[in-house]
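When a residue number appears, it is its place in the shown sequence, counting from 1.
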Amino acid sequence: MLESRVPRIEKELQGKMNITVLGPSCSWKTTLLAHLRESGMTVHPEPDNEIFQLFIKNPHKFGYLNQLNLSTRLMVLEAQNDATGNNSPHFIESGVLATDIYNRYLRDQGHITTEEFTYLNWMYKHHLSTHPKPDLVVYLSAEDEELKKRSVMRDGAVALEPSKLQPYWDRLVREIENNGVTVLKINTSIYSPVEVTHMLLQEMKNLRPNR
């Protein structure tokens, strides 16, 4: 049971804190968020995107609609989170930040036009300029072969070579850090999900004196 392995919230972790968990597919974002939910924290998984299955079948036809729908849903989720006023840590899976990865990748692959990318990028930048920065970003990664192995175990196929998206992740992480947000980088090829959870909770404690 997770309860026997995952720490409960300690008093020093109480209080408003917005944390975004980023990373490529199969980097254990969902696993980490499940552990955090078991520890008593508020977790917002990525919202359903009914366009996604159409996108998988025909990325060229549905690439823009997929990104537009997902971006809009994530913006609403983050705005609602800000409006709640709950005085506790909140975790968001991927969030608006991660849409930049596929916006750029799909443009570079020719699946969305320059005009479509320009509008998506305007939405992205407008949201970041009007929405409070996360207090912490957790960037989960793993070795390429490990990501592919996990993908096969989960889905039975590898949808995309992880190395193709890595330059986009590297760019995004640099941009987040340049904007003054702390990024906790964890290689899940090295650490177990429980160890990752403990590392995150320790980083949250470290950030508290600066808040």
Open item on the list: Just to verify, what does F117 make a ring-ring contact (aromatic ring centres under 6.0 Å, His included) with, not counting sequence neighbours?
Closed with: none

Task: salt bridge (charged side-chain N to carboxylate O under 4.0 Å, His left out) against E203, all qualifying residues, sequence neighbours excluded - done: none

TODO: Determine whether more than 12 heavy atoms belonging to other residues, nucleotides or ligands lie under 6.0 Å from atom OH of Y168.
DONE: yes

Task: Which residues share a salt bridge (charged side-chain N to carboxylate O under 4.0 Å, His left out) with R107, sequence neighbours left out - done: none

- [ ] Look at the side chain of S129 and the backbone N and O of H126, then say whether any donor-acceptor pair between them is shorter than 3.5 Å.
- [x] yes

- [ ] Could you tell me whether the side chain of L36 reaches within less than 4.5 Å of the side chain of L201, counting heavy atoms only?
- [x] yes

Open item on the list: Test of understanding: with side-chain contact (heavy atoms from CB on, under 4.5 Å), list the residues that count as partners of N179, not counting sequence neighbours.
Closed with: K133, E175

- [ ] Go through the structure and list residues passing side-chain contact (heavy atoms from CB on, under 4.5 Å) with D144, not counting sequence neighbours.
- [x] P162, S163

TODO: Working to the nearest 0.5 Å, report the span between CD of Q67 and CE of M123.
DONE: 10.5 Å

TODO: Could you tell me whether the side chain of T188 and the main chain of S141 form a donor-acceptor pair under 3.5 Å?
DONE: yes

Open item on the list: If hydrophobic clusters are built from ILVMFWY residues whose side chains come within less than 4.5 Å, do W28 and V194 share one?
Closed with: no

Task: With N58 via side-chain contact (heavy atoms from CB on, under 4.5 Å) - residues at least two apart - done: H60, K61, F62

Open item on the list: With a 4.5 Å cut-off on side-chain heavy atoms, are M204 and D135 touching?
Closed with: no

Open item on the list: If you define the side chain from C-beta out and look only at heavy atoms, does anything of P47 sit under 4.5 Å from L74?
Closed with: yes

TODO: Only counting residues at least two apart or in another chain, list the ones meeting salt bridge (charged side-chain N to carboxylate O under 4.0 Å, His left out) with E115.
DONE: none

Task: Those residues that, when tested against E93, pass side-chain contact (heavy atoms from CB on, under 4.5 Å) (two or more places apart) - done: K29, T30, L33, P45, E46

- [ ] Could you name each residue pair satisfying salt bridge (Lys or Arg N to Asp or Glu O under 4.0 Å) that touches residues 177-189, not counting sequence neighbours?
- [x] E177-K185

Open item on the list: Show, in sequence, the C-alpha distance, side-chain angles and deciding distance for D108 and R104, and conclude whether the salt bridge (Lys or Arg N to Asp or Glu O under 4.0 Å) test is met.
Closed with: CA-CA 6 Å; D108 292 348; R104 293 179 180 278; over 6 Å; no

Open item on the list: Between L200 and F91, is there a side-chain heavy-atom distance shorter than 4.5 Å?
Closed with: yes

Task: Short side-chain donor-acceptor distance under 3.5 Å, H127 and E78 - done: yes

- [ ] Classify the side-chain pair N103/N121 by whether it contains a donor and acceptor separated by less than 3.5 Å.
- [x] no

Task: Set of residues satisfying ring-ring contact (aromatic ring centres under 6.0 Å, His included) with respect to Y124, sequence neighbours excluded - done: none

TODO: Tell me, please, which residues at least two apart from E146 pass salt bridge (charged side-chain N to carboxylate O under 4.0 Å, His left out).
DONE: K149, R150

Open item on the list: According to side-chain hydrogen bond (donor to acceptor under 3.5 Å, both in side chains), who are the partners of R73, at least two apart in sequence or on a separate chain?
Closed with: E50

TODO: Measure the NE2-CD1 distance between H44 and I19 for me, rounded to the nearest 0.5 Å.
DONE: 11.5 Å

